Amino acid sequence: MSVPPGSTIGILGGGQLGRMLAMAAAQLGYKCHVFDPGEAPCAADVAANFTRADFTDRAALEAFGRTVDVATYEFENLPVAPLEVLEAKLHPSTRSLAVAQDRAAEKQFIEDCGARVAPWRAVASLADVEQVVSELGTPVVLKTRRYGYDGKGQAWIRDPAEAASAWAAIGEEPAVAESGVEFSSEFSVVVARWADGRHALWDCPENEHGDGILRRSTVPCSDAVALQVAEAREAALAIAEALGHIGVITVEFFASQTGPVVNEFAPRVHNSGHWTIEGAVTSQFEQHVRAICDLPPGDTALVGSGAVMDNLIGDDVNRWPELVAQAGAHVHIYGKGAPSPGRKMGHVTRVRP
Ligand code: ADP
Ligand code: MG
């Protein structure tokens, strides 16, 4: 049942995750076909084929499906219904996508798996928001149910008087309102799962965010986080299992005083797993290819004693001349053109011997 090297992997979405996936796939002898509505998505630069079409274009998806042996996605906000034309070849399936792309469905799903999330409610009006604020107290964070990423579509309510401005700030969209979690740190569990239930886990990165965007991931995590890893892994595996997920899935956690609290999950390779390219024997990208093509799991051990990954956000990428001159700095530039504020343009990983 395995999809052998020489076959073609279709990738829905043409961003940096697709780009790094295509590079890992190429190492194993696969060709990639990128599907994206953009004019020049950065993944297309390193792929054998590129289809430029809208994600709702069923005819284009069908034609794309005929050219690939297996398909996957690197982007979470794909409309699910048109993907049915690809379903037989699609890993992970649309189930993982459908749950992950609606924050309310996602939180319910996580709770149903027996894992902890911050107290939350679905809201659809200012009256709902005010009600939740009085029930849960502040701080509360509003997050649009759909299309949020890198902290976009979120607004904090630190005082009940801010309910109306926060509701306006997220565009009065259906949302979830959740309690602010007091955490000592954030970390994630990156896991790959195979169709038969086998799985592979890496060391957990400890993640630092600024303005809702990941800035730095460090492995190994601190001792305080390490105490919460076993419980977090159990939660992540329960989620992957319940989804019947095939491929990499990443679950983000808050390390709270009472244990790990799930923030959200992404049904795909993840920024907090980029350190695995140089820092682990098998990267998250290669492992995803192995899982969706049903090759055996690769070794996930650290190659050194640890690694630090720093994102290059916006103008940070202009530091490339200095970075490429540094010994031991693995510089990745995504080829996305001119930097704009808050945009992920590249990253740098340093492996500790
Ligand atoms: P995104 O989809 O944009 O990554 P997240 O829900 O992960 O959205 O939020 C981004 C960041 O905002 C988190 O990594 C965390 O730093 C902060 N954050 C989000 N929700 C909460 C919360 N309930 N309590 C405390 N911090 C939060
Ligand atoms: Mg997040």
Side-chain angles (χ1 to χ4, degrees), residues 13 15-17 74-78 96-97 99-111 115-123 129 132-133 135-158 162 166 169-171 173-190 204-218 221 225 228 232 235-236 239 248-274 284 309 311 313 341-344:
Q16 67 269 16
L17 301 178
E74 61 96 70
F75 176 64
E76 242 162 286
N77 291 319
L78 299 170
S96 297
L97 197 59
V99 175
Q101 65 184 212
D102 176 353
R103 288 191 193 273
E106 179 185 21
K107 286 190 188 291
Q108 190 60 57
F109 191 88
I110 294 164
E111 287 188 312
R116 236 164 338 143
V117 296
W120 68 281
R121 306 277 188 276
V123 294
V129 176
V132 176
V133 169
E135 268 177 55
L136 301 180
T138 53
V140 156
V141 55
L142 286 184
K143 302 179 179 177
T144 54
R145 284 176 69 151
R146 292 179 179 276
Y147 306 122
Y149 69 98
D150 288 349
K152 292 184 173 64
Q154 300 191 9
W156 282 82
I157 302 172
R158 298 182 195 280
E162 294 169 358
I170 62 156
E173 293 276 324
V176 298
E178 64 182 68
S179 290
V181 175
E182 273 186 51
F183 58 81
S184 56
S185 22
E186 294 185 78
F187 67 103
S188 49
V189 175
V190 186
C204 282
E206 188 159 334
N207 304 321
E208 295 165 49
H209 294 82
D211 298 327
I213 308 176
L214 183 69
R215 303 282 154 167
R216 168 174 284 187
S217 291
T218 305
C221 57
V225 168
Q228 306 202 0
I239 292 166
V248 169
I249 177 170
T250 306
V251 186
E252 297 179 23
F253 290 88
F254 301 116
S256 83
Q257 221 160 39
T258 52
V261 174
V262 178
N263 173 23
E264 60 171 354
F265 69 81
R268 52 167 172 78
V269 287
H270 194 260
N271 196 170
S272 67
H274 290 358
Q284 62 167 349
M309 188 273 337
N311 269 340
I313 295 168
R343 190 152 191 238
K344 289 172 178 169

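Counting starts at 1 for both ligands and their atoms, in listed order. Everything numeric in this text was worked out from a predicted model, so none of it was measured.
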Original post:
Is the closest heavy-atom distance from Ser179 to ligand 1 below 4.0 Å?
Top reply: yes
Original post:
With a 4.5 Å limit on heavy-atom distance, are the side chains of Glu186 and Leu214 in contact?
Top reply: no
Original post:
When you look at Val176 and Glu106, which way does the side chain to side chain contact (heavy atoms under 4.5 Å, CB included) test go after all the steps?
Top reply: CA-CA 11 Å; Val176 298; Glu106 179 185 21; over 6 Å; no
Original post:
Taking only heavy atoms of Asp150, which atoms of ligand 1 are found under 4.0 Å from at least one of them?
Top reply: 1 (P), 3 (O)
Original post:
Is a side-chain N or O of Ser188 found less than 3.5 angstrom from the main chain of Glu252, in a donor-acceptor match?
Top reply: no
Original post:
Where on Arg103 is there a heavy atom closer than 4.0 Å to ligand 1, on the side chain, on the backbone, on both, or on neither?
Top reply: side chain
Subject >> Taking atom 23 (N) of ligand 1 as the reference point, the nearest protein heavy atom with its distance >> reply: Glu178 OE2, 2.7 Å
Subject >> side chain to side chain contact (heavy atoms under 4.5 Å, CB included) between Phe265 and Ile249, intermediate numbers included >> reply: CA-CA 7 Å; Phe265 69 81; Ile249 177 170; 3.8 Å; yes
**OP:** Taking atom types as modelled, find out whether His274 and Gln16 have a side-chain donor-acceptor pair closer than 3.5 angstrom.
**Re:** no
Subject >> the Mg ion (ligand 2): angle it makes with OE2 (Glu252) and OE2 (Glu264), nearest 10 degrees >> reply: 80°
Subject >> For atom 21 (C) of ligand 1, closest protein heavy-atom neighbour >> reply: Phe254 CZ, 3.4 Å
Original post:
Are any non-hydrogen protein atoms located under 4.0 Å from atom 19 (C) of ligand 1?
Top reply: yes
Subject >> For atom 3 (O) of ligand 1, closest protein heavy-atom neighbour >> reply: Gly151 N, 2.5 Å
**OP:** Measure Trp156 to ligand 1 on non-hydrogen atoms and call it side chain, backbone, both or neither using the 4.0 Å cut-off.
**Re:** side chain
**OP:** May I ask whether Gln154 places a heavy atom under 4.0 Å from ligand 1?
**Re:** yes
**OP:** Taking only heavy atoms of Gly180 into account, list the atoms of ligand 1 that are under 4.0 Å away from them.
**Re:** 23 (N), 24 (N)
Original post:
Taking C-beta and beyond as the side chain, do Glu162 and Thr138 meet within less than 4.5 Å on heavy atoms?
Top reply: no
Subject >> atom 26 (N) of ligand 1: the protein heavy-atom neighbour that sits closest, reported with distance to 0.1 Å >> reply: Phe183 CE2, 3.5 Å
Original post:
Among protein heavy atoms, which lies nearest atom 24 (N) of ligand 1, and at what distance?
Top reply: Val181 N, 2.8 Å
Subject >> Phe187 side chain near Pro260 side chain, heavy-atom distance below 4.5 Å >> reply: yes
Original post:
Does the pair Glu178/Arg103 count as a salt bridge with the N-to-O cut at 4.0 Å?
Top reply: no
Subject >> Nearest candidate to atom 13 (C) of ligand 1, where distance is taken over non-hydrogen atoms, out of Glu252, Lys152, Glu186 >> reply: Glu186
**OP:** Have a look at Asn263, Asn271, Val140 and point out the one with the heavy atom closest to atom 7 (O) of ligand 1.
**Re:** Asn263
Subject >> Nearest protein heavy atom with distance in Å, relative to atom 10 (C) of ligand 1 >> reply: Gly212 O, 3.9 Å
Original post:
Does any N or O in the side chain of Thr250 come within less than 3.5 Å of the main-chain N or O of Arg268, such that one atom is a donor and the other an acceptor?
Top reply: yes
Original post:
Who's the nearest protein heavy-atom neighbour of atom 6 (O) of ligand 1, and how far?
Top reply: Lys143 NZ, 2.7 Å
Original post:
Are Ile157 and Val129 close enough that some pair of their side-chain heavy atoms sits under 4.5 Å apart?
Top reply: yes
Subject >> Which residue and heavy atom of the protein sit nearest atom 1 (P) of ligand 1, plus the separation >> reply: Glu264 OE2, 3.4 Å
Original post:
Has the side chain of Asp102 got a donor or acceptor atom that lies under 3.5 Å from a matching backbone atom of Ala104?
Top reply: yes
Subject >> Donor-acceptor under 3.5 Å (Arg121 side chain, Glu135 main chain) >> reply: no
**OP:** Under 4.0 Å, heavy atoms only, figure out whether ligand 1 is touched by the backbone of Val141, its side chain, both or neither.
**Re:** side chain
Original post:
Can you find an N or O of His209 that's nearer than 3.5 Å to an N or O of ligand 1?
Top reply: yes
